[in-house]
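This report refers to the structure that appears directly beneath it.
Just so you know, ligand 1 is whichever comes first in the structure, and atom 1 is the first atom listed for that ligand. Count residues from 1 along the sequence.
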Amino acid sequence: MTIDKNWISLRNRNAKQFKDGLEQFIEIAKKHVNSHGEPYCPCRGCHNGKRQNTKTIYAHVIDKGFSQSYKTWVYHGEEHPNTAAIDAISNPYLFKSGSSPTAPGPEMFDAIQDVMDAFNTNKENEDEGGTSLDPEFDDLFKELNTELYPG
Ligand SMILES: [Zn+2]
């Protein structure tokens with residue numbers, strides 16, 4: 001099942017689409033709570049670093065907005081689609097800074113997301129630049145060579 005998450009980037013947080021999306025999120029979040037019935041709050045203030053009751057989460061997200069980097073709801077039961085890719089990326093900075101946490105915090109997921117973004121961007125560039133040169137560039141290159149070495 002794919003969840004519509006386009007609403008998290010809406011600027012108008014009074015829009016029906018935003019509120020509907022948020023309500024759907026809270027329904028999901030209710031299934032992933034601690035013993036006090038509190039899920040993690042994904043607002044821009046808490047960034048899943050704090051648990052709040054669902055009413056507070058609703059108010060926080062309407063008030064502050066939904067954390068834009070929280071695109072895969074790993075704190076609310078969703079599995080990260082790129083788990084294998086993350087394992088493949090050995091980034092020492094993620095694990096050396098500060099006290100070694102036993103469980104990855106939200107900052108770490110943000111950092112991983114950043115790494116993933118960079119990784120994806122690099123890959124795209126590589127595909128574009130690639131091994132085969134652009135034919136036009138190739139011609140230009142030949143032309144330049146001809147000019148440089150006439151005859
Ligand atoms: Zn919050």
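The Zn ion (ligand 1) has Cys41 SG, Cys43 SG, Cys46 SG, His60 ND1 as protein N, O or S atoms under 2.8 Å away.
The shortest heavy-atom contact between Ile8 and Gln68 is O-NE2, 2.6 Å.
Classification of the Trp73-Phe66 ring pair by plane angle, with boundaries at 30° and 60°, yields tilted.
Listed by chain and residue number, Phe25, Tyr70 satisfy the ring-ring contact (aromatic ring centres under 6.0 Å, His included) test with His76 (two or more places apart in sequence, or in another chain).
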N/O donor to acceptor pairs below 3.5 angstrom from side-chain atoms of residues 33-45, sequence neighbours left out:
| unit_1 | atom_1 | unit_2 | atom_2 | d |
| --- | --- | --- | --- | --- |
| Asn34 | OD1 | His36 | N | 2.9 |
| Asn34 | OD1 | Gly37 | N | 3.2 |
| Asn34 | OD1 | Glu38 | N | 2.9 |

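Residue pairs meeting the salt bridge (Lys or Arg N to Asp or Glu O under 4.0 Å) criterion with at least one member in residues 58-74, sequence neighbours excluded, do not occur.
Exactly one residue among Gln24, Lys31, Lys30 makes a side-chain hydrogen bond (donor to acceptor under 3.5 Å, both in side chains) with Glu27. That residue is Lys30.
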